[in-house]
**Student:** 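Pasting a structure here, questions to come.
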Amino acid sequence: MTMKWSEVTPEADYLNRRAFLAAGIAALATPALGLGGAPSAFSTDEAVNSLEDITHYNNFYEFGTGKSDPAQYSGSLKTSPWSVTIDGMVDRPGNYGVEDLAPESALEERIYRLRCVEAWSMVIPWLGVPLAGALDKAGVQPGAKFVAFRTLHDPEQMPGQRSRILDWPYREGLRLDEAMHPLTILATGLYGRVLPNQNGAPIRLVVPWKYGFKSIKSVVGITLTDTQPQCSWQMMQPGEYGFYANVNPQVDHPRWSQATERRIGKGLFGGRQDTLMFNGYGDQVAGLYAGMDLAKHY
Ligand code: MTE
């Protein structure tokens with residue numbers, strides 16, 4: 001499927017992008033991006049969630065633990081200038097600007113399912129670039145096996161970091177082959193627009209076959225390493241949140257089932273739908289885990 005969100009979304013569910021731009025709607029106070037990216041063979045043709053859902057039902061604990069907290073409190077985050085430090089086992093360590101890592105001309109539209117470990121899901125039209133290309137700019141060295149990511153740590157701008165709900169900064173990690181997989185992107189936009197703060201502006205990771213907590217927001221650091229990185233949720237509750245965190249309907253969270261999910265926007269009586277292995281991306285990614293016991297490596 002190579003369709004754009006504007007072609008696959010029921011009319012009532014979205015604002016036509018051109019009308020949206022022409023009207024200059026400032027609801028998000030984020031500028032529109034020129035072309036909104038080329039469609040991708042990796043996109044789903046499922047109906048996308050509304051911009052309202054995507055930007056008002058969020059997890060971003062740096063701004064509070066309530067679903068509406070990020071939309072309410074992330075306005076204070078200063079997203080420009082912003083650079084991402086890439087270091088560790090790379091040939092060209094340094095600070096890379098968001099524009100260098102994800103030039104507007106290179107942005108692709110990727111319509112991905114997002115499945116949160118809390119058993120809700122959405123479909124989001126991201127704009128971004130493959131992480132592999134960004135890492136190539138820094139030149140990954142042969143001995144590197146993992147990629148560690150970290151979010152900005154600044155309690156002045158991120159008031160949620162004043163409480164110790166997590167060991168800040170938020171940290172995540174991937175195996176190098178997962179990071180280099182073409183489905184893995186650095187997103188700088190959604191719905192044809194610059195990424196709203198509550199969704200992880202100015203640049204965040206999106207790994208669609210893993211639970212949403214792997215898709216770390218507002219990234220300031222990427223480190224190539226030969227040891228498995230520490231991840232915030234895993235450090236806090238290792239029995240509940242693993243390093244891999246692949247979406248898997250057969251491996252339940254210790255406190256709830258992962259067999260089904262609630263698609264946001266379907267309403268109170270929308271019912272639940274079956275959760276798909278690897279969130280429906282098994283054809284592309286199952287090979288990464290050949291021979292691994294996924295109940296053990298959850
Ligand atoms: N990244 C940071 N820095 N802080 C967070 O609290 N929450 C994660 C992930 N990335 C989180 C984060 C979780 S649990 C989910 S489900 C997704 O972001 C939600 O992304 P969205 O709000 O853009 O839908």
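As the structure is a computational prediction, the values presented were derived from the model and not from experiment. Every number for a ligand or one of its atoms is a count from 1 in the order of the listing. Start at 1 with the first residue, then count along the sequence.
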**Student:** What's the shortest distance from atom 7 (N) of ligand 1 to any protein heavy atom, and which residue and atom give it?
**Tutor:**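 Sorting protein heavy atoms by distance from atom 7 (N) of ligand 1 puts N59 O, 3.2 Å first.
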**Student:** I need the minimum non-hydrogen distance between Y57 and M122, along with the two atoms involved.
**Tutor:**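 Of all heavy-atom pairs spanning Y57 and M122, the closest is O-CE, 3.4 Å.
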**Student:** Name the residue from R113, Q284, E178 that meets the side-chain contact (heavy atoms from CB on, under 4.5 Å) definition with W209.
**Tutor:**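 Option passing the side-chain contact (heavy atoms from CB on, under 4.5 Å) with W209: E178.
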**Student:** Let me know which of Q273, K266, R263, R115 forms a side chain to side chain donor-acceptor pair (under 3.5 Å) with S121.
**Tutor:**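 Testing each of Q273, K266, R263, R115 against S121, the sole residue satisfying side chain to side chain donor-acceptor pair (under 3.5 Å) is R263.
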**Student:** I need the nearest protein heavy-atom contact for atom 16 (S) of ligand 1: residue, atom name and distance, please.
**Tutor:** C116 SG, 3.5 Å
**Student:** Can you tell me if R92 has over 12 outside heavy atoms packed within less than 6.0 Å of its CZ?
**Tutor:**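 Atom CZ in R92 is packed in, count exceeds 12.
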**Student:** Taking 4.0 angstrom as the limit and counting only heavy atoms of S215, give me the atoms of ligand 1 inside it, by number and element.
**Tutor:**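 Within the 4.0 Å cut-off of S215, ligand 1 contributes 9 (C), 10 (N), 18 (O).
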**Student:** Going by the closest heavy atom to atom 12 (C) of ligand 1, which one wins out of Y170, F63, Y61?
**Tutor:** Y170
**Student:** At a 4.0 Å threshold, what atoms of ligand 1 neighbour a non-hydrogen atom of N58?
**Tutor:** 21 (P), 22 (O), 23 (O)
**Student:** Which of the numbered atoms in ligand 1 are under 4.0 angstrom from any heavy atom belonging to I216?
**Tutor:**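 Atoms satisfying the 4.0 Å criterion: 1 (N), 10 (N).
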**Student:** Give me the nearest non-hydrogen protein atom to atom 24 (O) of ligand 1 as residue plus atom name, then the distance to 0.1 Å.
**Tutor:**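 So the nearest neighbour among protein heavy atoms is L114 CD2, 3.5 Å.
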**Student:** Students should be able to answer this: which protein heavy-atom is nearest to atom 4 (N) of ligand 1, and at what distance?
**Tutor:**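 Nearest neighbour among protein heavy atoms for atom 4 (N) of ligand 1, to 0.1 Å: E62 OE1, 2.8 Å.
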**Student:** Tell me the contacting part of R204 for ligand 1: side chain, backbone, both, or neither, using a 4.0 Å heavy-atom threshold, strictly below.
**Tutor:** side chain
**Student:** Of all the heavy atoms in M122, does at least one lie under 4.0 Å from an atom in ligand 1?
**Tutor:**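 M122: no contact with ligand 1 (<4.0 Å).
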**Student:** At less than 4.0 angstrom from any non-hydrogen atom of T151, what atoms of ligand 1 do you find?
**Tutor:**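 What qualifies from ligand 1 is 3 (N).
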**Student:** At their closest point, which heavy atom of Q258 faces which heavy atom of A119, and how far apart are they?
**Tutor:** OE1-CB, 4.1 Å
**Student:** Taking the ring centre of each residue, are F42 and W126 less than 6.0 Å apart?
**Tutor:**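 That pair fails the under 6.0 Å test.
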**Student:** Is the NZ or CZ atom of K214 positioned over F243's six-membered ring, under 6.0 angstrom from the centre and within 45° of the axis?
**Tutor:**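 Yes, cation above the ring, under 6.0 Å and within 45°.
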**Student:** Using a 4.0 Å heavy-atom cut-off, say whether E118 meets ligand 1 through its side chain, its backbone, both or neither.
**Tutor:** neither
**Student:** Could you tell me the residue and atom name of the protein heavy atom closest to atom 21 (P) of ligand 1, and the distance to it rounded to 0.1 Å?
**Tutor:**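 The answer is K217 NZ, 3.4 Å.
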**Student:** Mind checking the OG1-CZ spacing from T227 to F146? Nearest 0.5 Å is all I need.
**Tutor:** 7.5 Å
**Student:** Give the residue, atom name and distance (to 0.1 Å) of the protein heavy atom nearest atom 17 (C) of ligand 1.
**Tutor:**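 Scanning the protein heavy atoms, the shortest distance from atom 17 (C) of ligand 1 goes to G212 O, 3.6 Å.
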**Student:** Please determine if K210 and E172 form a salt bridge, counting it only when a charged side-chain N lies under 4.0 Å from a carboxylate O.
**Tutor:**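 Here K210 does not pair with E172 in a salt bridge, since their nearest N and O are not under 4.0 Å apart.
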